[in-house]
Amino acid sequence: MPGHARSILWAYPEYACEGSNASNSNELCLGNEKTYMFCEDVLFEITQLFPSKYIHIGGDEADRQIWHSCPKCTRLMQDECIDNVSELQGYFTRHIQEFLDKHGKTVIGWDEIVDGKINRNTVVMSWREESDNGNDALKNGYRVIQSPTSHCYLDYFQDNPYFEPEGILGYTPLEQTYSFDPAPKGDYDNSLVLGVQGNLWTEHIPTVQQAEHMTFPRILAIAKVGWTYP
């Protein structure tokens with residue numbers, strides 16, 4: 001939330017922006033007060049079901065431009081003196097963070113959430129190495145989980161694509177994964193790097209056998225990167 005929400009919009013079209021629906025939007029309407037109530041209801045259920053200290057809310061890949069053309073969203077931006085749609089997402093993230101904080105939970109979100117002003121208690125999961133948001137988050141005092149596409153995406157090809165099962169376009173061989181230093185150079189508190197995560201997105205992985213093929217041996221390299229100093 002607030003992107004990657006198409007499944008919600010199919011079931012509850014009232015949470016889409018004006019003029020949008022599940023067929024052309026992945027985004028929740030951030031100018032609709034009921035959106036926040038819906039998210040709180042879902043998250044409250046999650047807090048009751050799972051004992052984890054952390055709850056990952058996503059926050060990635062929202063097409064923020066859709067909020068530009070939504071009267072409800074632009075009205076909220078005017079009322080709250082929000083300058084741009086990145087800050088509008090930050091407004092939403094802070095609302096969710098404050099709600100979960102009351103229930104003893106800590107928010108994790110993908111690094112797009114750093115584009116808006118978010119609470120320092122939020123944990124940033126860094127995946128876009130080209131944006132350098134992970135390093136920016138560390139320098140600004142946020143706790144970070146390192147998961148860059150360049151080293152930690154196990155759905156990327158690990159060998160010559162001509163001889164590999166179907167995968168997402170990208171090349172991450174074992175040597176590259178093993179070379180990853182999750183604590184980048186810079187002036188920040190190293191304790192802010194909480195750890196690393198390997199991702200295996202399964203759009204193109206129909207079987208357990210292929211999942212294991214993509215996972216190993218790179219997951220062992222990710223584990224060793226996380227457990228040892230460079």
Side-chain angles (χ1 to χ4, degrees), residues 1-128 133 137 142-145 147 197 199 201-203:
M1 57 181 71
H4 280 299
R6 180 163 286 162
S7 56
I8 294 173
L9 301 184
W10 280 120
Y12 304 99
E14 62 267 30
Y15 301 126
C17 286
E18 287 190 22
S20 301
N21 55 56
S23 66
N24 60 16
S25 173
N26 275 308
E27 291 71 34
L28 296 170
C29 178
L30 301 190
N32 184 350
E33 184 179 349
K34 292 182 179 179
T35 295
Y36 297 81
M37 296 169 61
F38 172 82
C39 291
E40 288 180 5
D41 287 344
V42 171
L43 290 169
F44 178 73
E45 288 191 36
I46 291 173
T47 65
Q48 303 305 298
L49 286 169
F50 299 101
S52 170
K53 175 184 175 183
Y54 298 98
I55 291 181
H56 201 310
I57 67 166
D60 61 315
E61 297 182 328
D63 180 5
R64 296 166 178 162
Q65 297 308 308
I66 200 167
W67 300 324
H68 269 304
S69 56
C70 173
K72 290 182 180 178
C73 291
T74 54
R75 190 178 308 121
L76 176 65
M77 292 175 67
Q78 292 171 356
D79 292 345
E80 298 293 332
C81 299
I82 297 171
D83 294 331
N84 55 61
V85 286
S86 296
E87 286 297 335
L88 178 61
Q89 182 171 344
Y91 174 90
F92 170 83
T93 302
R94 289 194 303 275
H95 181 102
I96 296 301
Q97 189 278 326
E98 290 166 5
F99 172 79
L100 287 174
D101 190 55
K102 293 176 184 176
H103 294 280
K105 303 293 185 179
T106 298
V107 164
I108 301 177
W110 295 108
D111 60 52
E112 283 93 330
I113 64 174
V114 180
D115 296 339
K117 297 171 183 174
I118 56 171
N119 190 297
R120 281 289 187 280
N121 192 41
T122 308
V123 176
V124 176
M125 186 169 279
S126 175
W127 72 283
R128 299 178 302 164
N133 268 11
Y142 293 100
R143 292 171 293 166
V144 170
I145 298 168
S147 187
Q197 173 175 288
N199 297 318
W201 309 112
T202 55
E203 293 98 317

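Considering only residues two or more places apart in sequence or on other chains, Ser86 meets the side chain to side chain contact (heavy atoms under 4.5 Å, CB included) condition with Arg64, Asn84, Asp115. Listed by chain and number, the residues in a side chain to side chain contact (heavy atoms under 4.5 Å, CB included) with Asn121 are Gln97, Asp101, Thr106, Asn119, Arg143 (sequence neighbours excluded). For the side chain to side chain donor-acceptor pair (under 3.5 Å) test, residues two or more places apart in sequence or in another chain that qualify with Glu61 are His4. Among residues two or more places apart in sequence or in another chain, the ring-ring contact (aromatic ring centres under 6.0 Å, His included) test is passed with Tyr142 by none. The side chain to side chain contact (heavy atoms under 4.5 Å, CB included) test applied to Asn199 returns Trp110, Ser147, Tyr153, Gln197, Trp201, not counting sequence neighbours. Applying the ring-ring contact (aromatic ring centres under 6.0 Å, His included) rule to Tyr91 yields no partners; only residues at least two apart in sequence or on another chain are considered. Listed by chain and number, the residues in a side chain to side chain donor-acceptor pair (under 3.5 Å) with Ser20 amount to none (sequence neighbours excluded). For His95, the side chain to side chain donor-acceptor pair (under 3.5 Å) partners are Glu40, not counting sequence neighbours. Contacts of Ser23 classified as side chain to side chain donor-acceptor pair (under 3.5 Å), with partners at least two apart in sequence or in another chain: Asn21. Listed by chain and residue number, Glu18, Cys29, Asn32, Cys70, Arg75 satisfy the side chain to side chain contact (heavy atoms under 4.5 Å, CB included) test with Lys72 (two or more places apart in sequence, or in another chain).
Put simply, the side chain of Ile145 does not reach to within 4.5 Å of the side chain of Val124, judged on heavy atoms. Two residues are said to be in side-chain contact when any heavy atoms from C-beta on lie closer than 4.5 Å; Thr93 and Ile57 meet this criterion. In this structure, the side chains of Leu100 and Leu43 come closer than 4.5 Å at one or more pairs of heavy atoms.
Side chain of Asp60 to main chain of Glu112: no donor-acceptor pair is present (N/O by atom type, distance under 3.5 Å, no hydrogens or angles). A distance-only check finds no donor-acceptor pair linking the side chain of His103 to the backbone of Lys105 [under 3.5 Å]. Listed for the Glu27 side chain is no donor-acceptor partner under 3.5 Å among the backbone atoms of Ala16. Checked by atom type and distance alone, the side chain of Ser25 never pairs as donor or acceptor with a backbone atom of Ala22 at under 3.5 Å.
Ring centroids of Phe92 and Tyr36 are separated by less than 6.0 Å, placing the two rings close together.
Closest approach of Gly31 to Cys73, counting heavy atoms only: N-SG, 3.4 Å. Listed here is the closest heavy atom pair of Ile96 and Cys39: CD1-CB, 3.9 Å.
At most 12 heavy atoms of other shown residues, nucleotides or ligands fall within 6.0 angstrom of atom OH in Tyr12.
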